[in-house]
There are 2 protein chains.
Amino acid sequence: MKDVAARAGVGLKTVSRVVNGEAGVSSDTERRVKEAITALGFRRNDSARVLRKGSTSSIGLVLEDLADPFYSPLSRAVEEVARAHGALLINGSSAEDPEREQELVLALCARRVDGLVIIPASDDHRYLAPEIDAGVATVFVDRPPGRIDADVVLSDSFAGARTGVAHLIAHGHRRIGFIGDQPGIHTADERLRGYRAAMAEAGLEPADSWVAPGSTDAARVAADAARMLDAAEPVTAFFSGNNRVTVTLVRELAAPARAGSGVALVGFDDFELADLLAPPVTVVAQDPADLGRNAAELLFRRLDGAEDPPRRLTRPTRLVPRGSGELPPRL
Amino acid sequence: MKDVAARAGVGLKTVSRVVNGEAGVSSDTERRVKEAITALGFRRNDSARVLRKGSTSSIGLVLEDLADPFYSPLSRAVEEVARAHGALLINGSSAEDPEREQELVLALCARRVDGLVIIPASDDHRYLAPEIDAGVATVFVDRPPGRIDADVVLSDSFAGARTGVAHLIAHGHRRIGFIGDQPGIHTADERLRGYRAAMAEAGLEPADSWVAPGSTDAARVAADAARMLDAAEPVTAFFSGNNRVTVTLVRELAAPARAGSGVALVGFDDFELADLLAPPVTVVAQDPADLGRNAAELLFRRLDGAEDPPRRLTRPTRLVPRGSGELPPRL
DNA sequence: GCGGGACTGGACAACGTTGTCAGAACTGGC
DNA sequence: GCCAGTTCTGACAACGTTGTCCAGTCCCGC
């Protein structure tokens, strides 16, 4: 900027004015400055600007895995809202590791992002309290924060799972297996709770062996599914706790050994091509882009100065019957 | 930092030394400083640090759509490499709009990212020349840059398409339709060129009506496919130019009106569940994570000071026969 | 007791920008 | 010709950090 000023024969501040389109520069001076800018290939250094102004016009997004087909539309939705507010998006994957989440979040805070959207991997966010006090707006999505109070946007996992399991029961199933994500993850726990509620409401007592929360690793899911299917009293239907599990189950049920076994399936989360499988997969759909959009909008409300107490937004899910969830029980 | 220094009763520089783990601070002083840091919830302001040091330890990624299942693993791979080098990732979607690409890239440059990974939407990147001269390392992925010279990592679209189309020809097809992405997009043009090469090598002359590059919009793809299938001399097989088109074609061929028509299909790009469809979809697979990883590594090579002339890395594709590409022609 | 080296700590400038403020150069009215 | 008002311009400080450089203190060996 100094160089531009020198070349245009004006003061520093005048260049600053031109760069920022401020009023009070004669058109002749403005022209000279613009020429110098072009000639020198000058670009304002936003680091210095940030230092001076205090706001970075950027927000951070911490999620589990950017490449997960559930999270990537969420990420994109946050990006769109950020863009509409003139902010850039910095994002990082926590890989479901609490330490890595904290490391990322603190790195983002050190860069002085204006706000944070977090899909928590950790269940204790007290480390964030000083940052929030220091003015970093924070919104949690998909899962609530641990041990602090903050805005949060959730899907209604409990109601969704209850509806999905009730759907299977309505189609005659009594022995329904639940294969879900790690216990401790809020959505996983809520969906299991929904399963239990639906079973209880129908007067059914799930056997311990029908309930298998755990990792979404394909081998684990396949093993638990096989165990339930090969038992003396096999399950006739599965409710799966998320899209990763659903896909593994679909693959497992389509394997030659199981072909035509007619096991019913309802999965939490929709996924692409679910309608083209045989049978098409019935799902409890949530809308990740909607979650992201709502979270980002809540964030920018805070950045615009909203001071009301933290909100909890619960977004509805939608049962999408496609075939696999309407199969009758086979013995 | 000033406050921390005051509270600990030391000078500014001493606090800086503690924060950065530099030597030359007695353990007693260090303890006092650390206490003050905790008490005040101090976090170093990286904007100021960047201003002083010149490097931001962050890289920018500009791609077409963060939510596209092809690009999201690429993005994740770039993130992993960045993380290994202690850098954060700032990313933005260009939505295939050249202006938006430029806007994003320049915003990233203004933030003084150390480097850029770009999946171009534009075919003219001369606007980047001053930035590159100013030291922003830049690597293009998936598509080459326009009118400037820079590192680039590509999949071998031409060879992949030629192999895929030759595979259909080897299975007896003569009338093969090509439905691809917008002309002008490098990968789209290369794949069309591969199609033409394979046809020519087999002594086949594709009719104009068999070749339909264009938008990946489902309605457009469906209309062109219908046209080719309902012609007097219908095509017996499709080669599709990318995963979006493939999915639309699969959906179209599975529609009741076409059920059992036995049209063969080979698609460029692999996609999840391709193996579970009926018939399973034969694809020419590329590895987006591999592209991202290679691009990021090339970028960090430059940041580490490599000065050799720009490289062009071409990554191989892999034909994955699954069923849909091995169907015989039906008349 | 003294010189010298090792260690510790702090004053100061600089990074590139913008807000504040004041000065210079005009204009128009009397 | 002079003053008030308006428009344009630039000097300067400040944002929070780090590199440079110097000063003080301590300990050692002679």
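So you know, we letter chains A, B, ... as the sequences are listed, proteins then strands, and number each from 1.
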B:R7/B:D3 salt bridge by N-O under 4.0 Å criterion: no

For A:D28, is there an ion pair with A:R31 - N to carboxylate O distance below 4.0 angstrom? yes

A:L61 backbone acceptor or donor facing A:N91 side chain under 3.5 Å: no

Would the distance check show the side chain of A:T38 and the main-chain N or O of A:K34 forming a donor-acceptor pair, the cut-off being under 3.5 Å? yes

Shortest non-hydrogen separation from [X] to [Y] and the atoms involved:
| X | Y | value |
| --- | --- | --- |
| A:R143 | A:A121 | NH1-CA, 4.1 Å |
| A:D114 | A:T56 | OD1-N, 3.0 Å |
| B:S75 | B:L66 | OG-CD1, 3.8 Å |

For A:A82, all residues meeting side chain to side chain contact (heavy atoms under 4.5 Å, CB included), sequence neighbours excluded: A:I59, A:A87, A:F300

Counting only heavy atoms and a strict 4.0 angstrom limit, can you tell me which residues of residues 26-46 of chain A come near DNA chain D? A:S26, A:T29

Taking DNA chain D as the partner, which of residues 11-20 of chain A come within under 4.0 angstrom of it by heavy atom? A:G11, A:K13, A:T14, A:R17

At under 4.0 Å between heavy atoms, what does [X] touch on the DNA or RNA strands: base, sugar-phosphate, or nothing?
| X | answer |
| --- | --- |
| B:R52 | base |
| A:V25 | sugar-phosphate |
| B:K2 | nothing |

Quick check for you: name the first and last nucleotides of DNA chain C, 5' to 3', having an atom under 4.0 Å from a heavy atom of chain B. C:dT8 to C:dG16

Answer yes or no: are there more than 12 heavy-atom neighbours, outside A:D97 itself, under 6.0 Å from its atom CG? yes

No-hydrogen, no-angle side-chain donor-acceptor test under 3.5 Å, B:E101 and B:S94: no

A:L89 side chain reached by A:S58 side chain, heavy atoms, under 4.5 Å: no

Between B:K53 and B:A23, which is nearer to the 5' end of DNA chain C once each is assigned its nearest nucleotide? B:A23

In whole angstroms, how far is the P atom of D:dG10 from the CD atom of A:E22? 14 Å

B:R126: which residues meet the salt bridge (Lys or Arg N to Asp or Glu O under 4.0 Å) condition with it, sequence neighbours left out? B:D124

For a side chain to side chain donor-acceptor pair (under 3.5 Å) with A:D151, tell me which candidate from A:R312, A:R302, A:R311 qualifies. A:R302

For the helix from C:dG1-D:dC30 to C:dC30-D:dG1, measure the angle between the helix axis at one end and the axis at the other, each built from five pairs, rounding to 10°. 60°

